[in-house]
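Report on one structure; see the data block that follows.
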Amino acid sequence: MASLISENLKFFSLFFKSRDVMIFNGLVALGTVGSQELFSVVAFNCPCSPERNYLYGLAAIGVPALVLFLIGIILNNHTWNLVAECRKRAVKNCSIPATFLLFGSIAGRAAVAPVTWSVISLLRGEAYVCARSEFLNPIMFPGFPLDKGREDMAKFPCKDTPADILIFREEVIRRLKYESQFLGWILIGVVASTIFLLKCLHHCCSPISYHQEAYWSQYRTSEKDLFNRTAAVHAKVLAASNVKQFFGFVALDKEEKEMVTEYSVDEAQPSPQWNEITGLYLYRENKGFPLYSRLHKWAKKLIGNGTDAGGREMALLAV
């Protein structure tokens, strides 16, 4: 029984690890939904005034979406790899397809939260009702007083609707929410279709096989995990050495003493080595052999493009 549970846990661990991007995007979407619900309850308050309604409704949808988009760009590692690449190498080794792929990857991942925010806002309809109410044409509603203008129409989203047009409030809100939700479902369909087409295009145009691409992803995950763990040990051992040199001793617990004894660190890596492994990376081959990362390229003692006359660069971005 214990072995069965262990195997199942191992399976789920591998399953989720292989789909970390998908799970991350799902968590971002769920967090955005929760934030939108909280915003609607706590912060949303339509001014019910001509001109202000429209601006407030657009701001309620657009400003949070813009903020979420910028946060997504900031939290994307590719953004800072691109900055490092521009600072060190001026992206001189990137072709036009590779550059397009890079910006598309950054923008695509950053768009998960703002698109989710926009969809939920449209499906709820409150911001759209607020923004569109003042532009309704009274002729659309049989029996509506024709002497009513934008100022009266703008009050429909609020409870202080004039008494003589209060009977039309439910129909107005229902019509506007219909429009808002229709746009929301259209946006969902467009986004889903775009993702499907891009996924098909990616696999159709990929110069490497599906299995090799899966292996590349596994390699990147393993390299990142090992690099981070090794860097943490290296930093602690080097710090212990420097502290001991300054004070004459260093206060370490049993586990740290074993670590310092087992691993020997003479000095920190020089800046040129850090620069060689820092920056964006596209899949490259050298004489038919794949180079899966900048660290892999550095380990093979290759510089520059990491390719020669028998090599090639491919527009596949490391994920």
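As the structure is a prediction and not an experimental result, all values here were calculated from the model. Numbering of residues begins at 1 and proceeds along the displayed sequence.
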Checklist line | Worked verdict on Ser105 versus Arg109 for side chain to side chain contact (heavy atoms under 4.5 Å, CB included) | finding: CA-CA 6 Å; Ser105 174; Arg109 293 188 182 185; 4.1 Å; yes
Q. Do His234 and Gln269 pass the side chain to side chain contact (heavy atoms under 4.5 Å, CB included) test, and can you show the C-alpha distance, the side-chain angles, and the key distance before you say yes or no?
A. CA-CA 10 Å; His234 187 283; Gln269 275 64 32; 3.5 Å; yes
- Query: Can you list the steps and then say if Lys177 with Arg174 is a side chain to side chain contact (heavy atoms under 4.5 Å, CB included)?
  - Reply: CA-CA 5 Å; Lys177 283 196 172 183; Arg174 183 171 60 249; 5.9 Å; no
Val265 vs Ser241, test: side chain to side chain contact (heavy atoms under 4.5 Å, CB included). Steps then yes/no.
CA-CA 8 Å; Val265 174; Ser241 176; over 6 Å; no
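A salt bridge links Lys236 to Glu256: at least one charged side-chain nitrogen sits closer than 4.0 Å to a carboxylate oxygen. In this structure, Lys257 does not pair ionically with Asp253, as no charged nitrogen and carboxylate oxygen lie closer than 4.0 Å.
Separation of the Tyr292 and Tyr215 ring centroids falls under the 6.0 Å cut-off.
In this structure, Lys199 NZ and Leu197 CG are separated by 13.0 Å, a value rounded to the nearest 0.5 Å. Within the model, atoms OG of Ser49 and CG of Leu55 stand 10.0 Å from one another, a figure rounded to the nearest 0.5 Å. With rounding to the nearest 0.5 angstrom, the CD atom of Glu223 is 10.5 Å from the OG1 atom of Thr230. We find the OG1-CG distance between Thr261 and Leu252 to be 8.5 Å, quoted to the nearest 0.5 Å. Residue Arg175 holds its CZ atom at 10.0 Å from CZ of Arg132, rounded to the nearest 0.5 Å. Interatomic distance, Leu201 CG to Thr194 OG1, rounded to the nearest 0.5 Å: 12.0 Å.
Phe69 and Phe103 fall within a single hydrophobic cluster, where Ile, Leu, Val, Met, Phe, Trp and Tyr are joined by side-chain heavy atoms under 4.5 Å apart, directly or via other members. Put simply, Val67 and Leu75 are part of the same group of oily side chains (I, L, V, M, F, W, Y) that touch within less than 4.5 Å, one to the next. Residues Leu123 and Ile186 are members of separate hydrophobic clusters, defined by side-chain heavy-atom contacts under 4.5 angstrom among Ile, Leu, Val, Met, Phe, Trp and Tyr. Trp185 and Val191 fall within the same hydrophobic cluster, defined by Ile, Leu, Val, Met, Phe, Trp and Tyr side-chain heavy atoms under 4.5 Å apart, directly or through other members. Grouping the Ile, Leu, Val, Met, Phe, Trp and Tyr side chains by contacts below 4.5 angstrom, directly or via other members, places Tyr54 apart from Val63.
Other residues, nucleotides and ligands contribute more than 12 heavy atoms inside 6.0 Å of the CZ atom of Phe135.
You'll find the side chain of Leu176 reaches within 4.5 Å of the side chain of Leu136, heavy atoms only. Looking only at side-chain heavy atoms (C-beta outward), His296 and Arg220 stay at 4.5 Å or farther from each other. At least one side-chain heavy atom of Leu291 sits less than 4.5 Å from a side-chain heavy atom of Lys300. In this structure the side chain of Leu187 never reaches within 4.5 angstrom of the side chain of Leu183, judged on heavy atoms. For the pair Lys297/Arg294, a side-chain contact is recorded, criterion being any heavy-atom separation below 4.5 Å from C-beta on.
Taken together, Cys46 and Cys130 meet the criterion of an SG-SG distance shorter than 2.5 Å.
Between the side chain of Thr116 and the backbone N or O of Val112 there is at least one donor-acceptor pair closer than 3.5 Å. Of the possible polar contacts, none joining the Asn76 side chain to the Gly72 backbone as a donor-acceptor pair under 3.5 Å is found. Remark: side-chain polar atoms of Glu134 are paired, donor with acceptor, to backbone N or O of Glu51 under 3.5 angstrom. In this structure, the side chain of Arg169 engages the main chain of Phe156 through a donor-acceptor pair within 3.5 Å. The main-chain N or O of Asn45 is found under 3.5 Å from a side-chain atom of Tyr56 such that the two form a donor-acceptor pair. Remark: side-chain polar atoms of Asn228 are paired, donor with acceptor, to backbone N or O of Lys224 under 3.5 angstrom. Of the possible polar contacts, none joining the Trp117 side chain to the Gly62 backbone as a donor-acceptor pair under 3.5 Å is found. In this structure, the side chain of Ser180 does not engage the main chain of Tyr128 through any donor-acceptor pair within 3.5 Å. Between the side chain of Ser133 and the backbone N or O of Pro157 there is no donor-acceptor pair closer than 3.5 Å. In this structure, the side chain of Asn53 does not engage the main chain of Ala131 through any donor-acceptor pair within 3.5 Å.
Minimum heavy-atom separation, Ile61 to Ser121: CG1-CB, 3.9 Å. Listed here is the closest heavy atom pair of Ser264 and Asp266: OG-OD1, 4.0 Å. When all heavy atoms of Pro290 and Gln212 are compared, the pair lying nearest together is CB-NE2, 3.9 Å. Closest non-hydrogen pair, Ile106 versus His78, comes out as CG1-CB, 3.7 Å. Scanning all heavy atoms of the two residues, the minimum distance from Pro114 to Ala65 falls at CB-O, 3.2 Å.
Using the six-membered ring where Trp is involved, His203 and Tyr210 have ring planes that are tilted, between 30° and 60° apart.
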